[in-house]
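Just so it is clear: chains get the letters A, B, ... in the order the sequence lines come, proteins before strands, and each one is counted from 1.
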There are 2 protein chains.
Amino acid sequence: MEAAAVVLKEHISKTASLTEEELSYLASHFKPLSFKKGQVVIREGDKVEHEYFVLSGCLKAFYINDEVKMHILQFAMPTWWTSDYNALYTQTKATINVDCITDATLLSLSNADREKLCREIHQVEHFFRWRTNRGYVAAQKRLLSLMNNDARTRYEELLQLYPELYSLVPKHLIAAYLGVSRETLSRLYHTR
Amino acid sequence: MEAAAVVLKEHISKTASLTEEELSYLASHFKPLSFKKGQVVIREGDKVEHEYFVLSGCLKAFYINDEVKMHILQFAMPTWWTSDYNALYTQTKATINVDCITDATLLSLSNADREKLCREIHQVEHFFRWRTNRGYVAAQKRLLSLMNNDARTRYEELLQLYPELYSLVPKHLIAAYLGVSRETLSRLYHTR
DNA sequence: CCGGTTGTGTGACCTGGATCACTTTCTTAA
DNA sequence: TTAAGAAAGTGATCCAGGTCACACAACCGG
């Protein structure tokens, strides 16, 4: 618990300057949760009230097309944030799912508390602005990559960016992130 | 000039509550610019110092792959913002281009001024957080659409979301936004 | 009003990657 | 330890969309 708060505080202090007091106040709004491998954090159709800061483990945020094809929007590793941000920001039902690829521990923050903290502490608003800025830029890069590059190039890019995924995440999930079929991904690295 | 400031102020007031004084102070940091059809606003390799608020006209932010294939990251219509945000935020050289599809008038804001204003006025930081939030969610939706849907579905989605693009923007640019070839797009709506 | 650039339509052909159908490992829980 | 599900590999086939090659607009600027 204490360790959890420390990780969170360090993470936030990298982009915002908060006093120790403010950091503790901020941290007091987060609720620790643990999940087992395979457990669902957000289910399509749910009301979405929280976002999650990952302390340990690995999650995926994904969309299921006609009950069959899964596409992964984002993996979430330690110190990453995840949720269905569309649903969270617009107060609508979840259209994506979030679940745990491995056992995981998270800190949850409610939408209402985030907004409250942003109002109360200017530097907290600053932090969340920068966090989203980074996410936005990453999403734009991925869009370009999806349009410009073929599956093999995308695969190599991904491994270069997040080598840890290679061993951590089953290949069919990596395929679902890259936007190719399991079979194609398998061929990509067996037939060079 | 005055009219420009009014549009900007109204735009910002929709998500942040600023006094008239603050709004004027904010507006004083924007510089009006006009461009002719075809003029370049940001060229690949440039240092990027500004972002742009569109008053009139239509721009595109695009990436050119091996000097040949163009992919459009974003169209920018009145009241939209555009820049190479990756370059702007990380202070690196532009990797994308921005130019004018039609004659256009813009308001430019420097990165330094944005950061200064965000520091000075909490509500300005609030505004920019929400602006990026919206952009982030839109980018995520487009990612999913690119992975889930075929070209025809994406085309119909785009027209539904921004019907004005149909008549305003040449078809080969719409193709470059959708991530299909000109020829394929042409076939999409002639062979139903 | 005319010649050139910029857009658009269409046919013929090619190919990356999807799909289907099986087989072969890995994992994991009892 | 072993059986059953989950993950991964592989061949055969198919198709959406790319590429190439031309033919026509339509829209300027001089």
Review point. Which residues, if any, of residues 159-167 of chain B bring a heavy atom under 4.0 Å of DNA chain D?
Key: none
Point to revise | Rounded distance in Å - CG (Leu188(A)) to P (dG16(C)) | key: 11 Å
Check your understanding: So what does Gly38(B) touch, heavy atoms closer than 4.0 Å: a base, only the sugar-phosphate, or nothing?
Key -> nothing
Revision key, fill the gap. Walking DNA chain C from its 5' end, the first of Leu185(B) and Ala151(A) to be reached, judged by nearest nucleotide, is Leu185(B)
**Study point:** Parallel, tilted or perpendicular: rings of Tyr89(A) and Trp130(B) (30°, 60°)
**Key:** perpendicular
Point to revise | Within 45° cone of Tyr177(A) ring axis and under 6.0 Å: Arg142(A) NZ or CZ | key: yes
**Study point:** Given dG17(C), dT10(C), dG9(D), the nucleotide with the shortest approach to the side chain of His190(B)
**Key:** dT10(C)
Review point. Within the structure, does a side-chain N or O atom of His172(B) lie under 4.0 Å from either OP1 or OP2 of dT6(C)?
Key: no
Check your understanding: Relative to the ring of Tyr52(B), is the ring of His50(B) parallel (under 30°), tilted (30 to 60°) or perpendicular (over 60°)?
Key -> tilted
Practice item. In whole angstrom, give the distance that lies between atom NZ of Lys171(B) and atom P of dT10(C). Key: 14 Å
Review point. Over its full length, what angle do the end axes of the helix from dC1(C)-dG30(D) to dA30(C)-dT1(D) make, each axis taken from five pairs and the result rounded to 10 degrees?
Key: 50°
Exercise for review: May I ask you to verify if any side-chain N or O of Tyr189(B) is less than 4.0 angstrom from the OP1 or OP2 atom of dT8(C)?
Suggested key: no
Point to revise | Distance under 6.0 Å and angle within 45° of ring axis: Lys171(B) vs Tyr166(B) | key: yes
Review point. Hey, does Lys37(A) reach any base, or is it just sugar-phosphate, or nothing, if we go heavy atoms under 4.0 Å?
Key: sugar-phosphate
Check your understanding: In whole angstroms, how far is the P atom of dA18(C) from the CG atom of Asn148(B)?
Key -> 13 Å
Point to revise | Qualifying residue for side-chain contact (heavy atoms from CB on, under 4.5 Å) with Val124(A), from Ile12(A), Leu18(A), Leu23(A) | key: Leu18(A)
Check your understanding: Among the nucleotides dG7(C), dA18(C), dA8(D), which one has an atom lying closest to any side-chain atom of Arg182(A)?
Key -> dA8(D)
Revision key, fill the gap. Rounded to whole Å, the CG-P distance (Asp150(A) to dG17(D)) equals 17 Å
Point to revise | Spacing of Leu168(A) atom CG relative to dT27(C) atom P, expressed in whole Å | key: 13 Å
Check your understanding: At their closest point, which heavy atom of Glu22(A) faces which heavy atom of Ser17(A), and how far apart are they?
Key -> OE1-O, 4.5 Å
Check your understanding: Hey, is the side chain of Arg187(B) pairing donor to acceptor with the base of dG18(D) inside 3.5 Å?
Key -> no
**Study point:** Test item: Asp113(B) side-chain N/O and Ser110(B) main-chain N/O as donor-acceptor pair under 3.5 Å
**Key:** no
Point to revise | Between dG16(C) (C1') and Asn149(A) (CG): distance, integer Å | key: 14 Å
**Study point:** Length of the CD-P vector between Glu183(A) and dT24(C), whole Å
**Key:** 17 Å
Check your understanding: If you check every side-chain atom of Ser181(A), which of dT19(D), dT19(C), dA8(D) has the closest atom?
Key -> dT19(C)
Review point. Parallel, tilted or perpendicular for Trp81(A) and Phe128(A), by the 30°/60° rule?
Key: perpendicular
Review point. Taking only N and O in the side chain of Lys69(B), is any of them less than 4.0 Å away from OP1 or OP2 of dT19(D)?
Key: yes
Review point. Quick one: is Thr184(B) getting a side-chain N or O under 4.0 Å of the dG17(D) phosphate, OP1 or OP2?
Key: no
Check your understanding: What's the CG-P distance between Leu173(A) and dA7(D), to the nearest Å?
Key -> 7 Å
Point to revise | Ring centre gap for Phe53(B) and Phe30(B) strictly below 6.0 Å | key: no
Check your understanding: Are any side-chain N or O atoms of His126(B) and backbone N or O atoms of His122(B), one a donor and one an acceptor, separated by less than 3.5 Å?
Key -> no
